Amino acid sequence: MPTVRVAEATDAPTLVSLVRRAYQGERGWTTAAALLNDERMNEAQMLKKIEDPETTVHVAMDGSRIVGCCELVRLENGKVHFGTFAVEPELQAAGVGRYILTQTEIAAAKMGVTCVEMTVIAQRPELIAWYQRRGYALTGETRPFPFHTLINGGALRDDLYFVVLEKPVSMGV
Ligand SMILES: CC(C)(COP(=O)(O)OP(=O)(O)OC[C@H]1O[C@@H](n2cnc3c(N)ncnc32)[C@H](O)[C@@H]1OP(=O)(O)O)[C@@H](O)C(=O)NCCC(=O)NCCS
């Protein structure tokens, strides 16, 4: 399995490329390509995340190669938000995503938070099921999809929205 480290500013271009290919790539078992044709994020947005003191971007390394990433954003309610999750498409479905998620939950517990939350597009049932198999539960809350902030592209349907999932974490994870 890869090693997981905290991202540095110089990782930003590689991370943007990875995230774009994972969300929009034709390979991989789950992508957002049927729902969106935007570019997901740009380098300035990734740099902002890396430099934000309330955000930790995690990078999974296979030797010197970046093969995955995710972020934790500390919230004011004692929870942490998990997002920007991507695994190199050609390496998906081999357990790398599961490993990154587990390592990140351990990091969240060390931050002293009680709970990891995430939002998933409701129209991605296979991904929601994957998180449920990892112990995340739907809270029943939904949130609007940010149609107006998409970069260089748009949504392919107008009924997208997020569901919220949560998992309690503790030092024992
Ligand atoms: C979501 C993502 C990070 C998961 O990473 P991964 O390395 O593929 O995940 P894993 O290898 O640990 O797990 C693969 C799972 O897919 C399942 N799977 C494989 N092929 C599948 C298919 N065709 N349909 C449904 N599930 C499938 C496997 O059974 C396995 O689940 P299990 O461990 O519960 O049995 C990765 O697929 C990705 O980058 N997707 C694009 C970006 C994205 O959607 N990010 C999440 C946004 S919230």
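This is a predicted model, so every value here is computed, not measured. Indexing begins at 1, ligand by ligand and atom by atom, following the structure's order. What you see below is based on every heavy atom in this structure, not just the backbone, and it leaves out hydrogens, waters and symmetry mates. For the single chain, residues carry numbers from 1 onward in sequence order.
- Here the heavy atom of the protein found nearest to atom 16 (O) of ligand 1 is W29 CE2, 3.2 Å.
- Ring pair Y136/Y131 is perpendicular by interplanar angle, where above 60° counts as perpendicular and below 30° as parallel.
- By the 3.5 Å distance cut-off applied to N or O atoms, L91 is not counted among the residues near ligand 1.
- Scanning the protein for heavy atoms near atom 40 (N) of ligand 1, the closest one is T30 O, 3.2 Å.
- Taking atom 11 (O) of ligand 1 as the reference point, the nearest protein heavy-atom neighbour is G95 N, 2.6 Å.
- Scanning the protein heavy atoms around atom 39 (O) of ligand 1, the nearest turns out to be V87 N, 2.8 Å.
- Electrostatic pairing of R20 and E43 does not count as a salt bridge here, judged by no charged N lying under 4.0 Å from a carboxylate O.
- Near A94, meaning under 4.0 Å from any of its heavy atoms, are these atoms of ligand 1: 11 (O).
- Remark: ligand 1 atoms within the under-4.0 Å shell around heavy atoms of A86 are 39 (O).
- Remark: ligand 1 atoms within the under-4.0 Å shell around heavy atoms of L127 are 1 (C), 44 (O), 46 (C), 47 (C), 48 (S).
- A donor-acceptor pair under 3.5 Å links the side-chain atoms of K167 to the main chain of R134, judged by distance alone.
- Residue-ligand proximity, A93 to ligand 1, at heavy-atom distances under 4.0 Å covers atoms 6 (P), 7 (O), 8 (O), 11 (O), 14 (C).
- The environment of F147 atom CZ is dense: over 12 non-hydrogen atoms of other residues, nucleotides or ligands sit within 6.0 angstrom.
- Among protein heavy atoms, the minimum distance from atom 47 (C) of ligand 1 is reached at Y23 OH, 3.2 Å.
- No donor-acceptor pair under 3.5 Å is formed between the side chain of N37 and the backbone N or O of G153.
- Backbone and side-chain nitrogen or oxygen atoms of T119 are examined, and none is located within less than 3.5 angstrom of a nitrogen or oxygen of ligand 1.
- With hydrogens and angles disregarded, a donor-acceptor distance shorter than 3.5 Å links the side chain of Q123 to the backbone of D159.
- In this structure, the side chain of Q24 engages the main chain of L36 through a donor-acceptor pair within 3.5 Å.
- Protein heavy atom at the shortest distance from atom 12 (O) of ligand 1 is R98 N, 2.8 Å.
- Listed by number with element, the atoms of ligand 1 under 4.0 Å from a non-hydrogen atom of R124 are 43 (C), 44 (O).
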(request) Take F145 and D158, measure what side chain to side chain contact (heavy atoms under 4.5 Å, CB included) needs, and give me the verdict at the end. (result) CA-CA 9 Å; F145 186 80; D158 61 9; over 6 Å; no
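- For the pair R40 and Y23, the cation-pi test (distance below 6.0 Å, angle within 45°) is passed.
- Nearest-heavy-atom check against atom 35 (O) of ligand 1 across Q92, R133, E88 picks out R133.
- Here the side chain of E117 pairs no donor or acceptor atom with the backbone of L165 at under 3.5 angstrom.
- Atoms of ligand 1 found under 4.0 Å from any heavy atom of G97, numbered from 1 in the order shown, are 5 (O), 6 (P), 7 (O), 9 (O), 12 (O).
- Against a heavy-atom cut-off of under 4.0 Å, F85 is close to the following atoms of ligand 1: 3 (C), 42 (C), 43 (C), 45 (N), 46 (C).
- Looking only at side-chain heavy atoms (C-beta outward), V6 and H58 come within less than 4.5 Å of each other.
- Heavy atoms of Y131 approach ligand 1 to within less than 4.0 angstrom.
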(request) Starting from the C-alpha separation in whole Å, work towards a yes-or-no answer on side chain to side chain donor-acceptor pair (under 3.5 Å) for E126 and T30. (result) CA-CA 7 Å; E126 75 294 349; T30 176; 2.6 Å; yes
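- Listed by number with element, the atoms of ligand 1 under 4.0 angstrom from any heavy atom of R134 are 32 (P), 33 (O), 34 (O).
- Residue contacts with ligand 1, taken as heavy atom pairs separated by less than 4.0 Å, involve W130 solely via side-chain atoms from C-beta onward.
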